[in-house]
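All remarks here apply to the structure that follows.
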2 protein chains.
Amino acid sequence: MPKRRKPAGARGISEKKELLNTFLKEWGLKSTRQRDIIVTEFLKTGGHITAEDIYRKISKKHQDIGFTTVYRTLKLLVKSRLATERVFADNLTRYEPLSAEDHHDHLICLGCGSITEFENARMERLQEKIARESGFNTVAHKMELYGYCGRCGSGSRGGKKQPGTKKNAPAPQKNRNNR
Amino acid sequence: MPKRRKPAGARGISEKKELLNTFLKEWGLKSTRQRDIIVTEFLKTGGHITAEDIYRKISKKHQDIGFTTVYRTLKLLVKSRLATERVFADNLTRYEPLSAEDHHDHLICLGCGSITEFENARMERLQEKIARESGFNTVAHKMELYGYCGRCGSGSRGGKKQPGTKKNAPAPQKNRNNR
DNA sequence: GGAAATTTTGAAAATGAATTTCATTTTCCT
DNA sequence: AGGAAAATGAAATTCATTTTCAAAATTTCC
Ligand SMILES: [Mn+2]
Ligand SMILES: [Mn+2]
Ligand SMILES: [Zn+2]
Ligand SMILES: [Zn+2]
């Protein structure tokens, strides 16, 4: 049986923490208890998670760690290339662990909010081609597909609103406050 | 010479204003001087423009029209399907006129900020295929290519920062406040 | 035309995520 | 240990967006 090479993104948590420490030293930054706790939790949790999410998780065991530090540590991870920021349609900044060579795009379920990742070389090539034909040199792209996952079905709930008559006005369309 | 059919998105401003009036009547809403001015300016300007932009343009001639009304009128245009909201990487909400059948994606220049549109049937099909293979039913997607346009070149300015020594620390990396 | 009903308007306030400030604490180096 | 630099956390700030509310405008109905 041939040895299967680990996918690029699968390096262990301790290796990533090592990389972070290297980064810190290189920039004259300091290792702290808080950073260690936050980074560990972040890498362990994985996924696409907000600073707030991580903060809440950590708060349970460590009431002394503030949101600001979580926020700053996530930014630090981005600078050190161990995480990326993602902003999907809900306009919240999410973070996900990242390995150097890793690239993928996302499918987002409008029903349950689940996020599925995909990679498609053909699409990447097509993007490059399109850009080239418009005289652009791309350095990044954003590709997100929104819809309903298998479990959530076709999303037929919440059909189009109908206009009302004068005496029977349409329900006031209140915006759910979801920033 | 064969008569060239107008592209779908090219219907005239007055036709669009007609559609809006129909929409207003249908929902028991009212026509106002402000709405007319705002919609006219918006349709005339076109492009990918923020509420603030439109407001500033209009203010010059009509100091009595408030930002709130511009904001609400643009939302109204979205509801009536005469405009769409777009949020690119700078996290500002932009509006663009839209015709029913119209769909396109965007190339955004990181140098000059120019926005180029493109349409690519192959990409649309590929997106559907990818979603299907993950069991998703897509209802929308976001596809943006970021890079440098022909005029702005390869974007070689602002290379990666180098770490500094202890006594010669790296310049404090202040975030430009570009929300 | 004119009153009543309903919607619209604009200023100001509220919202909320993201970011900065600042006084204090911690880490790192010798 | 001692001193310099960085990190921390609470609070304040920022800033686009959205809501509130009292006054004004539009539409409907007589
Ligand atoms: Mn991901
Ligand atoms: Mn466009
Ligand atoms: Zn789902
Ligand atoms: Zn450019």
Side-chain angles (χ1 to χ4, degrees), chain A residues 21 23-39 50-56 58-59 62-76 78-79 85 87-88 90-95 163-170 172-179, chain B residues 21 23-39 49-56 58-59 62-76 78 85-88 90-95 163-179:
Chain A
N21 281 330
F23 179 88
L24 292 177
K25 286 225 176 86
E26 201 173 358
W27 288 79
L29 306 179
K30 294 172 179 174
S31 298
T32 66
R33 180 181 64 89
Q34 290 92 329
R35 283 179 174 168
D36 190 64
I37 290 166
I38 294 165
V39 169
T50 65
E52 187 63 34
D53 290 337
I54 290 273
Y55 170 66
R56 271 202 296 269
I58 285 175
S59 285
H62 306 277
Q63 298 90 332
D64 61 317
I65 296 183
F67 170 81
T68 313
T69 303
V70 173
Y71 166 79
R72 282 187 286 222
T73 300
L74 290 170
K75 289 288 193 193
L76 185 65
V78 172
K79 280 204 186 96
E85 271 178 8
V87 181
F88 299 129
D90 64 2
N91 222 40
L92 293 180
T93 301
R94 291 160 194 282
Y95 296 85
T165 65
K166 256 77 56 77
K167 298 289 172 181
N168 178 18
Q173 21 223 327
K174 61 171 54 171
N175 285 338
R176 59 262 180 287
N177 214 11
N178 62 349
R179 286 238 284 158
Chain B
N21 281 330
F23 178 89
L24 292 178
K25 285 223 177 87
E26 201 172 359
W27 287 79
L29 306 179
K30 294 174 179 175
S31 298
T32 65
R33 180 182 63 89
Q34 290 91 328
R35 284 179 174 166
D36 189 65
I37 290 166
I38 294 164
V39 170
I49 197 166
T50 65
E52 186 63 33
D53 289 337
I54 291 272
Y55 169 66
R56 269 203 296 271
I58 285 175
S59 285
H62 307 277
Q63 298 90 331
D64 61 316
I65 296 183
F67 170 81
T68 312
T69 302
V70 173
Y71 166 79
R72 281 188 287 222
T73 301
L74 290 171
K75 289 287 192 195
L76 185 65
V78 172
E85 272 180 5
R86 306 269 188 190
V87 181
F88 299 128
D90 64 1
N91 222 41
L92 294 179
T93 301
R94 289 160 195 281
Y95 297 84
T165 66
K166 254 80 55 75
K167 299 290 173 179
N168 179 16
Q173 18 222 330
K174 62 171 55 172
N175 285 338
R176 59 261 179 287
N177 212 11
N178 61 346
R179 283 236 285 159

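Reminder, nothing fancy here: chain letters follow the sequence lines and each chain counts from 1.
- When rounded to the nearest whole Å, the span between CD of E52(A) and P of dG16(C) equals 12 Å.
- Note on Q34(B): every side-chain N or O is 4.0 Å or more away from OP1 and OP2 of dT26(D).
- Position along DNA chain D of the nearest nucleotide to L29(B) versus A51(B) favours A51(B) as the more 5'-ward residue.
- Listed pair T68(A) / dT20(C) fails the phosphate criterion, with no side-chain N or O lying under 4.0 Å from OP1 or OP2.
- Listed candidates were dT19(C), dT8(D), dA5(D). Nearest to the side chain of K75(A) is dT19(C).
- Spacing between atom CZ of F67(A) and atom P of dT13(D) amounts to 18 Å, rounded to whole angstrom units.
- L24(B) places its CG atom 15 Å from the C1' atom of dA25(D), with the value rounded to the nearest Å.
- Nucleotide dT25(C) holds its P atom 16 Å from the NZ atom of K30(A), rounded to whole Å.
- Residue T32(B) has no polar side-chain atom (N or O) positioned under 4.0 Å from OP1 or OP2 of dA25(D).
- The pair R56(B)-D53(B) meets the salt-bridge criterion, since a charged nitrogen lies less than 4.0 angstrom from a carboxylate oxygen.
- Close to dA18(C), at under 4.0 Å from its OP1 or OP2, lies a side-chain N or O of T93(A).
- Going from atom CG of D90(B) over to atom P of dT14(D) covers 21 Å, rounded to whole Å.
- Contact between S31(A) and N21(A) at its shortest, heavy atoms only, is OG-OD1, 3.4 Å.
- Nearest-nucleotide mapping onto DNA chain D: of L76(A) and Y55(A), the residue sitting toward the 5' end is L76(A).
- Across dG9(D), dG10(C), dA16(D), the shortest atom-to-atom separation from the side chain of I65(A) is found for dG9(D).
- When rounded to the nearest whole Å, the span between CD of E85(A) and C1' of dA17(C) equals 12 Å.
- Rounded to whole angstrom, the span from the CG atom of N91(A) across to the P atom of dA18(C) amounts to 8 Å.
- Closest approach of R35(B) to K30(B), counting heavy atoms only: NH1-O, 2.7 Å.
- Regarding contacts with the backbone of dT8(C), a side-chain N or O of R35(B) is found under 4.0 angstrom from either OP1 or OP2.
- The minimum heavy-atom distance between F67(B) and A51(B), with the atom names listed, is CE1-CB, 3.8 Å.
- Between F23(A) and K79(A) the shortest heavy-atom distance is CE1-O, 3.8 Å.
- At the heavy-atom level, T50(A) lies nowhere under 4.0 Å from the strands shown.
- The interatomic distance linking Y71(B) (OH) with dA12(C) (P) rounds to 19 Å, in whole Å.
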